Amino acid sequence: MLKTLTAQIKEYKKASLLTPVFMILEVLFETLIPIVMASIIDKGVETGDIGHICRMGLVMAFLALMGLITGILGGKYGALASTGFAKNLRQAMFTNIQSFSFSNIDKYSTPSLITRLTTDVTNLQNAYQMILRMCTRAPASLICAMVMAFLINAKLASIYLLAVIFLGVCLFFIIRKANRYFQEVFRKYDDLNASVQENISAIRVVKAYVREDHEISRFQKACNKVYEMFVRAENLVVTNMPLMQFTVYACILGISWFGAKMIVGGSLTTGELMSLLTYCMNILMSLMMLSMVFVMITMSVASAQRISEVINEKPDLKDPENPVREVPDGSIVFDHVSFSYKKGSKEPVLKDINLSIRSGETIGIIGGTGSSKSSLVNLISRLYDVTEGSIRVGGIDVRKYDKTVLRNQVAVVLQKNVLFSGTILENLRWGDKDATEEECRHACQLACADDFIQKMPDKYNTFIEQGGTNVSGGQKQRLCIARALLKKPKILILDDSTSAVDTATDGRIRRAFASEIPNTTKIIIAQRVTSVANADRIIVMDNGQINGFGTHEELLKTNSIYQEVYNSQTKGGGDFDEVKGGDQE
């Protein structure tokens, strides 16, 4: 873990080294001030030597000024190092997340990743700054003050030693017990973020079903759990302050009592007693700072483990040593393919799939919910690796391709369409960053999106809100199809991506595909028979297996599942004619 974290210091090593240097210099200058003050009292005030007072006063002012300058520089470089460290941590996590395969992403929830990128990194940033500054300053100040105190009077200085041992033991037990609570509280943070994310993303459903009170109650429960864990941890941590104050006052009383007796006995001067009291405050303040550092480190250990876990996560899918960098054509072959999302699962999601698709074919896939239609097509672009068997695209095993090359030639319009905040053109250019506006418009015409775009106030420069909330479901689907077409892929997969458009528009999109991209292999997953009826061949999926494979006419004659779906959709109250539109008798 430490190796992973320290590797992210990178270009901020200089700032990380200069911070403790300046903090130590600040401590040294501050340590000398009580000595000068004692000299002023003993050799200046008591003897009436004004010249000595002025000289030592200038020395004290110089030491204070140097302490101020070095303290400012220590703070400056500490802030630079800690914020830079946090920036690199976020960058390292985000970069590694982008390399995750779907199976890696399945290990972490979205709220958990967000918490790690925000709250956990902030905790580590604060801890790192405390380590650089306080973890250097406090021990240095403690050691210097203790040494000077023992040089002045070893008997009185032994009081400090007892105080340090007492506070150290108390702090050890406090931190040890509080650490368990801090580890638990970050898991509760994940639950809290999950509640927020789910509610915000589904706010329309919440309002439609008038479930605001239910969601508020859920959120309050999540908040209360975080609150309870923090209260338990803080109740332990705050005991540190009264213990510290008790020790400080006990030390002051002890030194004052024994010091007064020594002054009367002539074994201690007034200036030395003042210096010892000053060092007493330095030592105990250093202990207080150390306790704060330990509390911060305790909180950040759980965060550090969670951050390291993401940075060290290795993508399950890797490119071979000499990957193939060109996809010859859009042919697809499934050769005895079985697949499970979890290794060692007894029941595979896909079972012994054998399938051969010619380049340029239009293939429909139909089946009930949970029949593994999406799982089947996810394997083509190697979003997951097969458990058994192999998949060949263009006659080559997908595991031999460079992943980027393969995925650039396999365009997927997913079941859940996603648009990003930005203009329509910016969203379309996710398919091809160099596409001209004319190319974008042509892709939108094929996807039947140009009509509604032209009616928008800024047309192709219309701003899309985050998640595409200012466009309808059908408009979002058509924009995503246009975006996929701009990739000019050899294989186009539509995963139930026309479910929100009417049947007539669905038919226009399919006819455009047939005429404009005849050499592209098109795989259309759909719930409606009309969406796949004109496909060259249709796959009927059932319980992770291919139940039937043939043309619309063949399946109507031979496949009971297809017959049942067709009859339920065409004889259950009319269907939608893709040319005329409207319900047909």
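Here the structure is a predicted model, which is why all the values come from computation and not from measurement. Sequence positions, counted from 1, serve as the residue numbers for this chain.
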Determine whether a donor-acceptor pair (N or O, by modelled atom type, separation under 3.5 Å) exists between the side chain of D402 and the backbone of V324. no
Output for pair (M93 CE, Q8 CD), nearest 0.5 Å, gives 9.5 Å
Under the side chain to side chain donor-acceptor pair (under 3.5 Å) rule, what do S16 and Y128 come out as? Steps first, then yes or no, please. CA-CA 9 Å; S16 298; Y128 188 57; 2.7 Å; yes
From CD (Q129) to CG (L80), nearest 0.5 Å: 10.5 Å
Using a 4.5 Å cut-off on heavy atoms from C-beta on, say whether the side chain of K221 contacts that of C223. no
One pair to check against side-chain contact (heavy atoms from CB on, under 4.5 Å): L18 and L73. What are the steps and the verdict? CA-CA 9 Å; L18 286 174; L73 289 172; over 6 Å; no
R407 versus I380: any side-chain heavy-atom pair under 4.5 Å? no
Output the distance between atom CD1 (I9) and atom CG (L132), rounded to the nearest 0.5 Å. 7.5 Å
Any V412 side-chain heavy atom under 4.5 Å of S381 side chain: yes
Give the minimum heavy-atom separation between A92 and I311, together with the two atoms involved. CB-CD1, 4.1 Å
Inspect the surroundings of NZ in K10 and state if more than 12 heavy atoms from other residues, nucleotides or ligands are less than 6.0 Å away. yes
Would you call V121 and R116 a side-chain contact if the rule is heavy atoms closer than 4.5 Å? no
Heavy atoms of I159 and G254 approach each other most closely as CD1-C, 4.0 Å
Between the CD1 atom in I33 and the CE atom in M60, the distance rounded to the nearest 0.5 Å is 6.5 Å
Quick check: closest heavy atoms across T118 and I114, and the distance to 0.1 Å? OG1-O, 2.6 Å
Check the pair R429, D432 against salt bridge (Lys or Arg N to Asp or Glu O under 4.0 Å), reporting the backbone distance first and the verdict last. CA-CA 5 Å; R429 284 174 178 151; D432 180 1; over 6 Å; no
T387 side chain to S340 main-chain N or O, any donor-acceptor pair under 3.5 Å? yes
Scan residues 20-74 for pairs that pass ring-ring contact (aromatic ring centres under 6.0 Å, His included), counting only residues two or more places apart or in two chains. F22-Y77
Using a strict threshold of under 4.0 Å (side-chain N to carboxylate O), is an ion pair present between K87 and E11? yes
T404/N408 under side-chain contact (heavy atoms from CB on, under 4.5 Å): CA gap, chis, key distance, verdict: CA-CA 6 Å; T404 303; N408 274 333; 3.7 Å; yes
Do F85 and L5 touch side chain to side chain, with heavy atoms closer than 4.5 Å? yes
So, taking the atom named CG in D385 and the one named CZ in R399, what distance separates them when rounded to the nearest 0.5 Å? 6.0 Å
Closest non-hydrogen atom pair, C144 against L28: SG-CD2, 3.9 Å
Which value, rounded to the nearest 0.5 Å, describes the distance between R55 atom CZ and I50 atom CD1? 11.0 Å
Under 3.5 Å, is there a donor-acceptor pair between the side chain of N312 and the main chain of T4? no
Is any side-chain heavy atom of F463 closer than 4.5 Å to one of S421? yes
Minimum side-chain heavy-atom gap I464-I424 below 4.5 Å: yes
For R382 and L406 the tightest heavy-atom approach is CB-CD2, 3.9 Å
Output all residues satisfying side chain to side chain contact (heavy atoms under 4.5 Å, CB included) with I97, sequence neighbours left out; order by chain, then residue number. F100, L113, L117, V310
Looking only at heavy atoms, the pair that brings G67 and T70 closest together is O-OG1, 3.1 Å
Mind checking what makes ring pair (Phe, Tyr, Trp, His ring centres under 6.0 Å) contact with Y384, not counting sequence neighbours? F102, F339, Y341
Quick one: do N461 and T423 satisfy side chain to side chain donor-acceptor pair (under 3.5 Å)? Show the steps, please. CA-CA 5 Å; N461 290 312; T423 65; 4.9 Å; no
Determine whether L379 and L350 satisfy the following criterion, side-chain contact (heavy atoms from CB on, under 4.5 Å), listing intermediate values before the conclusion. CA-CA 11 Å; L379 300 177; L350 293 170; 3.6 Å; yes
Take I143 and V147 through the test side-chain contact (heavy atoms from CB on, under 4.5 Å) and record every step on the way to the result. CA-CA 6 Å; I143 292 168; V147 169; 4.2 Å; yes
Heavy-atom side-chain proximity of V59 to L63 below 4.5 angstrom: yes
